[in-house]
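To keep things clear, I will list the structure first and then write my remarks on it.
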Amino acid sequence: MPLATSKEILQRAQAEGYAIGAFNANNMECVKAVIEAAEEERAPVILQVSQGAIKYAGLRMATNMVKTVADEASVPVVLHLDHGTSFLQNVQCLHVGFTSLMYDGSAEPLEDNIKTSAKITEIAHAVGLPVEAELGKIPKIEDYFSAQQMDDLRKRPDAEQVAVIREKAGPNVEELMADPSQAAEFVKLTGIDSLAAAVGSIHGMWADIWPLRRDRIEALRKATNLPLVCHGSSGVIRTRADAKQKGIELRPDECTLEEAVKIGICKVNVATAVSMAFLKGSWDAWQGRLTEKDLRKILLPGLQASKELVRGYMRLFGCSGRVAGSGEVEASEIKHAE
Ligand code: G3H
Ligand code: ZN
């Protein structure tokens, strides 16, 4: 079916109290994993093209992978620009057929962020496309830890990892969060359609152990009626039961991903976890048969592992079963001659 815009599916998600998963189009296998998950779960889905994917695959390749799967899909698929870096990049993406744009002006002074977000929104709206913009700044874990430190840290029990991150990154993550008193004005001046607000998450975490700030989501929800977007969701603890099982204590003003969806998060961006599931699936397969010569037979278990992860997220977000249909899809398999 033709690509959907994020506006139509996010508005419905907001009205009905669930969230849409937004997963990154990093390679053909991950794109297939996401689309197969969406078909099987009967879920609308957002495939987003990140700056890393543009560098890796090129804008045309990344765009066309998503367009190709969307064409054949029986669920709504959105082609979204993730963390668009400039006005010009947004215009290029609009030109090549994206159905949802994002401008990330979080590194700029607020007035400049507003100005550029507004300019992009005006142009996008002229052709019926929605725009997401960022308020506050969602940091990345590399801002606080070196690769070696992360490697050491992830070997420790989950609760200890959280304690260390709280101490080293916590105050800065809090400082960078979106200010609810600026949100209404930001939305009004820019005209955007969804708000990527920094609500305590950190990009690029290796495990789902970190809480979101419930108080901030609630305040932003009151300040603006737009669909809220959660970035950096791979690192966010999914449920209370997970927190308990991992021995992680949440503070009263914190919440899980599942709870965040209930209080107003309508789009959940997950990238790192999909990538890690893919790597682990492929790695395990290769370890089991180091003499394998056919790369597809090693990549396929990666695809299947990331697909299962995405299906789990879709159920958690409540977007499963929102599209009518059977969910019967032809699963990935190697059909070529051996
Ligand atoms: O924009 C992309 C996301 O925010 C992904 O973050 O890699 O931490 O899941 P993540
Ligand atoms: Zn992000």
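On a predicted model such as this, the values are computed, not experimentally measured, just so you know. In listed order, ligands and their atoms are each counted from 1. Along the sequence shown, residues are numbered consecutively beginning with 1.
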Looking at non-hydrogen atoms alone, which of Gly232, Ala196, Ala273 comes nearest to atom 4 (O) of ligand 1? Gly232
Heavy-atom distances under 4.0 Å are what count here, so tell me which part of Ala271 touches ligand 1: side chain, backbone, both or neither. both
Would you say the side-chain atoms of Gln14 and Lys267 include a donor-acceptor pair closer than 3.5 Å? no
Whether Ser233 side chain and Val236 backbone form a donor-acceptor pair below 3.5 Å: no
Group every Ile, Leu, Val, Met, Phe, Trp and Tyr by side-chain heavy-atom contacts under 4.5 Å, then state whether Val187 and Tyr103 land in the same group. yes
Give me the ring orientation class for Phe23 and Tyr313: parallel if the planes are under 30° apart, tilted from 30 to 60°, perpendicular past 60°. tilted
Proximal atoms of ligand 1 relative to His83 (non-hydrogen, under 4.0 Å): 1 (O)
Proximal ligand 1 atoms for Val270, defined as those under 4.0 Å from one of its heavy atoms: 9 (O)
Rounded to 10 degrees, what angle sits at the Zn ion (ligand 2) between His231 ND1 and His203 NE2? 120°
Quick one: does any side-chain atom of Glu8 pair with a main-chain N or O of Thr5 as donor and acceptor, under 3.5 Å? yes
Compute both the distance and the angle, then confirm whether Lys168 meets the cation-pi test with Tyr144: under 6.0 Å from the six-membered ring centre, within 45 degrees of the axis. no
Residue portion contacting ligand 1 (non-hydrogen atoms closer than 4.0 Å) for Asp82: side chain
With no hydrogens and no angle check, just 3.5 Å: does a side-chain donor-acceptor pair link Trp206 and Gln161? yes
Check whether any N or O atom of Asn24, backbone or side chain, sits under 3.5 Å from an N or O atom of ligand 1, and answer yes or no. no
Nearest-neighbour protein heavy atom for atom 3 (C) of ligand 1, which is reported as residue plus atom name and distance: Asn269 CB, 3.4 Å
At what distance is the nearest protein heavy atom to atom 9 (O) of ligand 1, and which residue and atom is it? Ser234 OG, 2.5 Å
Is it true that Gly204 lies under 4.0 Å from ligand 1, counting heavy atoms only? yes
Side chains of Ser117 and Thr190: is there a donor and an acceptor less than 3.5 Å apart? no
Any atoms of ligand 1 less than 4.0 Å from a non-hydrogen atom of Thr272? List them with their elements. 7 (O), 8 (O), 9 (O), 10 (P)
